[in-house]
Amino acid sequence: MATTQAGTTAGGVQPAVPGAPQGSGEVEREFTVKARSQRQQIVRRFLHNKVGMTGLVLFGLLLVFGFIGPLVDGKSYSDLNSSAQSVPPGTQGYLLGSDAIGRDLLAGLMSGVQRSLFIVLLFIVIALPLGLLVGALAGYFGKWVDSVLMRVVDLVLTVPLLVVLIVVASNFPGSRTPLGVGIILGLFGWLDLARIVRSQFLSLREKEYVEAAHSLGASNRRIIFKHLIPNALGSLIVWTTLAAATAIILEASLTYLGFGVNDPNATSLGRLVSDGVQAASTRPWLFYFPGILLLLIVLSINLIGDGIRDAFDPSNRRVRS
Amino acid sequence: MFFFTIRRILASVLVLLVSSFLVFALCATSFDPLSKYYNRNPPPPPAFFDNLREQLGLNDSFFVRYWNWLSGVLTGDFGKTVNGTPVAEQLGPRLMVTGRMIIGAVVIAVVLAIIVGVIGAVRQYKPSDYAFTFIAYILIALPTFWFAALLKEFVAGGINDLVGSQVVYTLGEETPGLSLYAGGWELWQDRLGHLVLPTVSLALLTFAAWSRFQRASMLDVLGSDYMRLARAKGLTYRRTVFKHGLRNALIPLTTVVALGIGTLFGGAIITEQVFVWHGMGEYLIQDGIGQNDINVVLGWLLVSAVFVVVFNLVADILYAVLDPRIRLA
């Protein structure tokens with residue numbers, strides 16, 4: 001008894017039929033066709049995508065490293081050991097060596113992963129709703145709403161992020177923590193999302209089902225939330241992953257320029273990487289380990305993003321935005 | 001197209017005006033150019049501070065200060081730095097330095113991106129495609145300053161050891177003071193040696209994202225109907241790929257590159273920082289933000305914004321030229 005699998009080939013994508021009976025086991029046939037909802041198809045395609053799954057497994061391992069590792073390791077980054085300054089990896093019980101004031105690099109990397117992911121989470125929690133809202137309003141209502149909102153986006157794009165960071169840092173001395181940097185990145189990171197959502201909504205609002213919903217008396221809010229946003233979900237998820245990867249690199253770069261995380265109680269991955277650059281030739285372990293860890297995190301998130309993109313759009317488009 | 005251009009420029013001027021006001025307001029709330037004198041010991045006399053305040057116009061109200069700056073800009077005067085040098089005089093040399101760094105890098109990145117993108121698309125899922133994809137992913141995931149430091153450590157050291165003398169430099173735009181007495185070939189050679197690493201670093205990192213872009217658009221084109229038609233007419237494969245495919249596949253890249261160049265002229269901030277180049281990015285960070293100098297920040301803002309606006313416009317116009325289906329309205 002052969003089983004055809006809907007949705008495994010690019011040509012075989014079937015539109016989901018709402019209300020269609022799940023499975024068709026009652027009907028006697030030579031083969032069975034299993035109905036899958038669109039969501040099931042997408043999840044399935046992602047699970048079969050080697051690139052995306054590689055990224056997911058790698059990301060999972062890094063989560064284990066960052067969040068379960070400290071429990072196993074039991075050391076703290078804030079412990080200074082004056083008798084073990086700048087020891088190379090593998091000596092005096094320091095698996096990855098220590099820095100100039102005797103802090104354990106391994107413990108630093110673990111808490112750095114935690115902090116960097118915290119920054120990313122904060123960034124997304126702020127930027128995603130903002131960009132979605134602005135883009136949706138501009139794209140759905142058009143006309144003057146669109147013009148005003150898009151000019152606001154243009155305006156915010158011209159203000160240099162560094163100037164904002166400096167101004168905020170001098171007015172709020174506590175802002176150089178992971179919390180502060182995450183919030184600022186979020187407040188300035190939604191601009192490209194707004195443009196993406198706007199362009200999607202511009203075409204989606206002309207679709208027949210929107211007209212149908214209108215004529216059935218659906219409110220604008222219902223159309224936006226029930227009909228348009230679910231249809232733009234693919235690009236939202238893809239943006240989220242790619243923006244998360246960018247945020248990690250951006251945090252590191254800002255820290256390198258002297259405008260990022262500078263908090264004695266909390267180190268970030270960016271802090272470790274930018275500190276390590278000064279030690280590239282003298283204490284190479286401080287340079288390589290943080291850099292490679294950062295590379296792995298960003299790489300894994302990008303791979304997941306590409307996998308999701310392919311799952312939503314099974315043709316061979318892999319445009320990097 | 002003429003009216004399109006005019007309208008875009010007008011809209012950009014408006015955005016720039018509001019933006020300069022916004023940045024001025026932001027800076028005015030927190031910049032204090034006198035702060036570097038506060039911790040002097042013994043402290044400077046109060047008359048010194050009063051003088052300086054008067055000189056820099058800090059006693060005027062916020063709106064008066066902005067108006068003074070704006071009316072100056074309209075006559076081509078960008079104001080003076082806190083140290084008394086006119087900003088307009090400094091912007092030119094800064095732009096030259098940044099331009100020297102990015103032009104070569106952009107050219108190399110574009111050529112590489114096209115070659116690698118096309119090869120990746122034509123030979124999709126072959127070992128060469130996987131290899132290039134892998135390299136691109138790694139480069140995209142690296143922070144600029146870390147990659148640059150890696151280049152400094154290995155590439156510079158390796159080449160210099162191989163040649164036996166220092167031909168590749170890791171810091172600065174030229175050996176300090178060389179342009180004061182040397183000229184001709186010697187100066188050129190020295191500058192070239194300083195240019196290698198920043199160019200390679202910038203070129204490789206921008207190339208990575210662009211090559212993915214080119215590959216995707218080439219794949220799109222290769223699957224299109226007119227390519228099949230061209231083959232069916234009896235054209236050779238090579239001819240269809242280069243004559244019909246490549247030209248169409250270049251359109252998306254054009255936009256991305258034009259936008260990229262526009263942004264880069266504001267300074268490849270991190271690359272400049274790593275290699276200690278005194279370009280636009282360093283101007284913003286050290287002379288502007290570092291010295292609490294509003295005029296410098298605003299001068300930087302205007303110049304870099306003009307480049308962004310101009311190259312945005314170039315992107316739109318090129319798009320319409322390359323693809324006749326698009327009409328600018």
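Letters A, B, ... are given to chains in the order of the sequence lines, protein chains preceding strands, and every chain is numbered from 1.
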With a 4.5 angstrom heavy-atom cut-off, could you sort out which part of [X] is near chain A: side chain, backbone, both or neither?
X: Leu26(B); value: both
X: Ile138(B); value: both
X: Val274(B); value: both
X: Val23(B); value: side chain
X: Phe31(B); value: side chain
X: Phe154(B); value: side chain
X: Val297(B); value: side chain

- [ ] List the steps and the verdict of side-chain contact (heavy atoms from CB on, under 4.5 Å) for Tyr288(A) and Leu150(B).
- [x] CA-CA 9 Å; Tyr288(A) 288 107; Leu150(B) 204 66; 3.7 Å; yes
What is the distance from atom [atom1] of [X] to atom [atom2] of [Y], rounded to the nearest 0.5 Å?
X: Leu17(B); Y: Leu155(A); atom1: CG; atom2: CG; answer: 10.5 Å
X: Leu257(A); Y: Ile270(B); atom1: CG; atom2: CD1; answer: 5.0 Å
X: Thr255(A); Y: Phe145(B); atom1: OG1; atom2: CZ; answer: 7.5 Å

Open item on the list: If the test is side-chain contact (heavy atoms from CB on, under 4.5 Å), which one of Ile140(B), Leu142(B), Leu139(B) qualifies with Leu295(A)?
Closed with: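 Among Ile140(B), Leu142(B), Leu139(B), the one meeting side-chain contact (heavy atoms from CB on, under 4.5 Å) with Leu295(A) is Leu142(B).
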Open item on the list: Below 30° counts as parallel, above 60° as perpendicular, anything between as tilted: where do the rings of Trp146(B) and Phe287(A) land?
Closed with: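 Rings of Trp146(B) and Phe287(A): parallel, under 30°.
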TODO: Flag yes if more than 12 heavy atoms outside Arg123(B) fall under 6.0 Å of its CZ atom; otherwise flag no.
DONE: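 No.
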Open item on the list: Ignoring hydrogens, what is the shortest heavy-atom contact between Ala141(B) and Leu299(A)? Give both atom names and the distance.
Closed with: CB-N, 3.8 Å
Open item on the list: To check you understand the geometry: which heavy-atom pair defines the closest contact between Pro143(B) and Leu294(A), and what is its length?
Closed with: CG-CD2, 2.9 Å
Task: Winner by heavy-atom pair count (cut-off under 4.5 Å) against chain A, out of Ser12(B), Ala149(B), Ser19(B) - done: Ser19(B)
Given that the side chain runs from C-beta out, which part of [X] has a heavy atom under 4.5 Å from chain B: side chain, backbone, both or neither?
X: Ser274(A); result: both
X: Ile301(A); result: neither
X: Ala245(A); result: neither

Open item on the list: Can you confirm whether Thr144(B) sits close enough to Tyr256(A) that some side-chain heavy atom of one is under 4.5 Å from a side-chain heavy atom of the other?
Closed with: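 No; the side chains remain at least 4.5 Å from each other.
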